[in-house]
S.K.: 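Take this structure first; my questions come after.
Sequence lines set the chain letters: A, B, ... in the order given, protein chains first and strands last, and positions in each chain run from 1.
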Amino acid sequence: MLALFSENVKMNSVVAQIKATTVTSIQQLYGVELNIEQVLVNATKPEFEGDYTVVLFAFVKQLKKSPDALGQELGTALVADHPELFSGFNVIKGFLNLSIANTYWLDFLQSIQGKEGFGLHEPRNQTVMVEYSSPNTNKPLHLGHLRNNFLGWSIAEILKANGYKVAKTCIVNDRGIHICKSMIAWQRYGNGATPQSNGMKGDHFVGDYYVKFNDAYKAEVAELVAGGMDSALAEKEAPIMKATQAMLLDWEAGKPEVMELWRNMNGWVYNGFDATYKRIGSDFDKTYYESNTYLLGKDLVASGIEKQVFYQKEDSSVWIDLTADGLDEKLVQRKDGTSVYITQDIGLAVHKNQEFHADQSIYVVGDEQNYHFKVLKLICQKLGIPAADGIFHLSYGMVELPTGKMKSREGTVVDADDLVDAMISIAQQKTEELGKVKDFSAEELVVLYDTIGLGALKFFLLRVDPKKKMIFNPEESIDFHGFTGPFIQYTHARIKSILRKQENTEWQNSALGGDLLPLEMALAKQQEIFPSVLEEAATEHDPSKIAIYVFELAKTFNTFYNQLSIGNAETEAKKILRLQLAALTAQILKTGMSLLGIQVPERM
RNA sequence: GGACCGGUAGCUCAGCUGGAUAGAGCAGCUGCCUUCUAAGCAGCAGGCCAUUGGUUCGAAUCCAAUCCGGUUCACCA
C-alpha cells in the first residue's frame with residue numbers, strides 16, 4: 001500500500017504523466033507495448049519552444065518510423081487525447097517538445113492551495129536507523145565532525161519527509177588507549193584542575209590534555225633516541241606510553257580509581273559535546289557507548305564457526321575468508337579470544353536491530369572506512385543477520401583545507417565551536433552593515449545572527465555531493481551571496497515581507513484563472529517537481545539535491561520578483577496568482593531548508 | 001602491488017541510469033535602488049569536460065588503457 005502511494009506521487013507529476021501518456025499513445029498508434037522506463041523525458045532546452053521533451057531516438061528502431069514522422073504522429077495524438085495536459089508540440093531532429101497547458105499549472109496550484117507540507121510523503125511502514133556523529137571522548141569536535149553531523153541529521157529528516165520512521169543513533173567512542181592518553185596526562189600535569197576551575201568547555205579542556213600527552217610522549221621518545229635507542233623501540237619504551245597501556249589494563253579490570261577518573265573526564269567531555277550539539281542542532285534517539293558495547297559480538301563468533309562462515313586457525317584466532325568476494329581474509333577474533341573492531345560492529349548491528357527492528361541501517365562515516373563497511377555488510381549477510389541487506393554506508397569525503405588535510409599535530413584543525421562562533425559573528429557584522437533590522441530586539445538579533453551564521457555553514461557543507469571530498473578555505477570564509485544559505489533565507493524573508501503587506505488573506509483561497517506569463521509558469525514548473533526532488537534526495541541519500549533545488553527555486557523567484565509586481569499586479573486575478581506563487585515558494589524554501597537543518601527567518 | 005573514490009571555467013562545485021550549442025556561484029568587467037527587502041536583478045568575459053582509443057544515429061556521461069591526486073588493504077578503533 002505504501003509502495004502504491006509512492007507510485008501515485010510519481011503518477012501525479014507531469015513528467016510521470018508524460019511518460020504514461022506516451023506509452024499509451026504509442027500502444028494505440030502502433031500496437032507496440034513500451035516499458036515506461038524506455039521513455040526519456042527531459043526539460044526542454046530554453047532555446048526551443050516547449051516545456052518538456054520526449055527523446056524519440058530510443059524507440060525509432062523498434063517502431064520502424066523516422067524520428068520526424070513519429071514525433072508528428074505522437075505529438076498530434078498526445079495533444080488531441082490530453083488537452084488538459086498538453087497545449088502544443090513541435091518536433092526538432094528527433095526531439096518531441098511538448099508545451100504543458102495553462103490549466104495544468106493552475107490545477108496544480110489550486111490542488112495544494114492552503115495546504116501545509118507540500119512535497120511530504122505519506123507514512124510508510126518502514127524504519128530506518130541513522131547512525132552518525134560518532135565522536136571520540138578525547139578531543140573536541142572539528143570541521144569534519146560538522147560535515148558528519150549535518151549530513152546525518154539531514155538525511156534523517158529527508159527520510160522522515162519521505163514517510164519513513166527514523167531512529168537516530170550515536171556510538172560514542174569512550175574507551176581505549178587514546179582515551180587513557182588524556183587521562184594519564186591529566187593525572188600527571190593537571191594538578192586537580194577542572195573545566196570549571198579553568199573556565200573552559202569540558203571537551204576542549206580534555207582535548208588539551210590529549211595534546212599534552214602527545215607533547216610529553218614525543219619528548220620522551222626524543223630523549224631515548226638521543227640516548228642511543230632505536231626510534232621504533234623508543235616509541236614502545238617511552239615511560240608515559242607504558243603507563244598508558246597499564247592504565248588501559250586497569251580500566252579493563254575495573255580498577256576503582258581509574259574508573260572514577262575515566263567517568264569524571266568523560267563527563268566533562270559530554271557536557272562540552274552537549275553544548276555543541278545543542279548549538280548545531282544535532283540530537284539522537286539513542287546513544288550507545290563503546291564501553292558498553294565493545295564486548296558484543298563475541299557470541300556471534302562461535303555461531304559463525306558453527307555455520308562455517310568463520311574458521312579457526314591453529315593459534316585459535318578466528319577468520320573469515322572473503323577472497324571469493326574479491327576481498328581479503330579478515331580477522332574477527334584475536335588468538336587471545338578478544339574481539340576486534342569489526343566483530344564489535346557486527347554485535348552492535350544485531351543489538352540495534354533487536355532494539356529498533358529497522359529495515360535499513362545507515363552509517364554516516366567517512367570514506368576512509370569504505371572497506372570496513374563493505375566487509376561489515378558482507379559478514380552480516382553471510383551470518384544471516386536480520387536486515388543485513390539494509391546496511392548502507394553513507395560515505396562522505398574529507399573536508400580539506402587549501403593547504404591539505406587537517407592535522408592536529410600541525411595545529412591546522414578547524415575547531416567546530418570556533419568555526420560556529422566565527423560564522424555567527426560574520427553574520428552579525430554583515431547584518432549590521434546592511435542596517436535593515438534596526439528595530440529588532442537584542443534577543444531577536446541573537447536568534448537572527450545564529451540563524452544566518454549557522455545557515456551559511458550548514459548550507460556550505462551540505463550543498464556538495466557527500467561522497468566528494470571538499471575544500472574549505474578559512475581565509476576566504478563562507479560567502480553570503482549566490483549559492484549560499486543566506487541567499488535562500490533572504491529570498492524567504494523577502495517573500496514574507498510582501499505577504500505581510502497584504503491586508504486580508506482572501507487571496508489564499510481564491511480561485512485561479514487566466515493565462516500564465518512565462519515567468520509565472522517557470523515558477524510553477526519548478527515548484528511542481530519538489531516532491532520528486534525529495535524522493536530523489538532520499539533514494540540517493542544526498543541532501544545536496546535539495547540544496548541545489550532550493551537554490552534554483554529561489555533564483556527563479558528572484559527573477560520573477562524583479563520583473564513582475566506582486567502586490568501591485570496589473571489585475572486582481574494576477575495579484576492572487578502571484579501571491580499564491582510567492583507563498584508556495586516561501587513554503588517550499590522553508591520545508592527544503594528545514595530538511596537541511598536550516599531555519600529561515602521571517603525578516604532579515 | 002590489489003581494491004575503491006575523484007580529475008569539468010582562475011577558484012568552489014552541478015551535470016554522469018548516453019540526448020539538442022556543457023551549467024551555476026565566487027572572483028573580474030558593465031548596467032539597475034524616488035515603486036513589493038540591492039544578502040537582489042540583468043548582461044559581458046571565461047572550457048581540448050586529465051590523455052588516448054573504442055562502443056553508436058549521438059559520449060563530459062558507457063568500456064579499455066594511460067597519467068595525476070586521494071583512501072584503503074592492522075591480532076588499532
S.K.: Measure the CG-NZ distance between Leu577(A) and Lys574(A) for me, rounded to the nearest 0.5 Å.
M.R.: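 It comes to 5.5 Å.
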S.K.: Can you tell me which residue pairs pass the salt bridge (Lys or Arg N to Asp or Glu O under 4.0 Å) test with a partner in residues 131-146 of chain A, sequence neighbours excluded?
M.R.: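 For residues 131-146 of chain A, and leaving out neighbouring residues, the salt bridge (Lys or Arg N to Asp or Glu O under 4.0 Å) pairs sorted by first residue read Glu131(A)-Lys352(A).
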S.K.: Kindly write out the residues that satisfy side chain to side chain contact (heavy atoms under 4.5 Å, CB included) with Ser497(A), not counting sequence neighbours, or none if the list is empty.
M.R.: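 Per chain and number, Ser497(A) pairs via side chain to side chain contact (heavy atoms under 4.5 Å, CB included) with Arg500(A), Lys501(A).
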S.K.: Could you write nucleotides 72-77 of chain B as a row of B, S and -, 5' to 3', where a protein heavy atom under 4.0 Å of any base atom gives B, of only sugar-phosphate atoms gives S, and otherwise -?
M.R.: SS-BSB
S.K.: Mind checking what makes side chain to side chain contact (heavy atoms under 4.5 Å, CB included) contact with Leu564(A), not counting sequence neighbours?
M.R.: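 So Leu564(A) forms a side chain to side chain contact (heavy atoms under 4.5 Å, CB included) with Leu517(A), Leu519(A), Glu520(A), Phe560(A), Arg578(A).
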S.K.: Filter on salt bridge (Lys or Arg N to Asp or Glu O under 4.0 Å), then keep only pairs touching residues 320-336 of chain A, sequence neighbours left out; what's left?
M.R.: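 Salt bridge (Lys or Arg N to Asp or Glu O under 4.0 Å) check on residues 320-336 of chain A returns Asp325(A)-Lys382(A).
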S.K.: Write down the distance between CD1 (Ile478(A)) and P (C13(B)), rounded to a whole number of angstrom.
M.R.: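 Atom CD1 in Ile478(A) sits about 13 Å away from atom P in C13(B).
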S.K.: For C48(B), measure the glycosidic angle (O4'-C1'-N9-C4 for a purine, O4'-C1'-N1-C2 for a pyrimidine) and name it syn if it falls within 90° of 0, otherwise anti.
M.R.: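 Base orientation: anti.
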S.K.: Could you list the residues that satisfy ring-ring contact (aromatic ring centres under 6.0 Å, His included) with His178(A), not counting sequence neighbours?
M.R.: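 Counting only residues at least two positions away or on another chain, His178(A) forms no ring-ring contact (aromatic ring centres under 6.0 Å, His included).
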S.K.: On RNA chain B, does the nearest nucleotide to Asn568(A) precede the nearest nucleotide to Ile471(A) from the 5' side, or the other way round? Give the residue.
M.R.: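 So the residue in question is Ile471(A).
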S.K.: Side-chain donor-acceptor contacts of residues 447-454 of chain A below 3.5 Å, not counting sequence neighbours, with atom names and distances?
M.R.:
from      : atom 1 : to        : atom 2 : distance (Å)
Thr451(A) : OG1    : Val447(A) : O      : 2.7

S.K.: Taking atom P of U37(B) as reference, at what distance in whole Å does atom CZ of Arg603(A) sit?
M.R.: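 It is 11 Å, rounded to the nearest whole Å.
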S.K.: Which stems does RNA chain B form, counting runs of 3 or more consecutive Watson-Crick or G-U wobble pairs with both distances under 3.5 Å?
M.R.: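 B:1-7 with B:67-73, B:10-13 with B:23-26, B:28-32 with B:40-44, B:50-54 with B:62-66 - these are the stems of 3 or more pairs that involve RNA chain B.
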S.K.: Give the nucleotide from the list A3(B), C57(B), C36(B) with an atom nearest to the side chain of Lys374(A).
M.R.: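 Shortest atom-to-atom distance from the side chain points to A3(B).
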S.K.: Under the ring-ring contact (aromatic ring centres under 6.0 Å, His included) test, which residues partner Tyr132(A), sequence neighbours left out?
M.R.: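 For Tyr132(A), the residues satisfying ring-ring contact (aromatic ring centres under 6.0 Å, His included) (neighbours in sequence not counted) are Phe284(A).
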S.K.: Please list, chain by chain and in numerical order, all residues satisfying side chain to side chain contact (heavy atoms under 4.5 Å, CB included) with Val350(A), sequence neighbours excluded.
M.R.: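 Testing Val350(A) for side chain to side chain contact (heavy atoms under 4.5 Å, CB included), a comparison that skips the adjacent residues, returns Leu300(A), Gln354(A), Ile385(A).
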S.K.: What residues form a side chain to side chain contact (heavy atoms under 4.5 Å, CB included) with Asn473(A), not counting sequence neighbours?
M.R.: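 Listed in chain order: Pro402(A), Glu475(A), Glu476(A).
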S.K.: Please encode protein proximity along nucleotides 15-29 of chain B as a string of B, S and -, counting only heavy-atom distances under 4.0 Å.
M.R.: SB--BB---SSS---
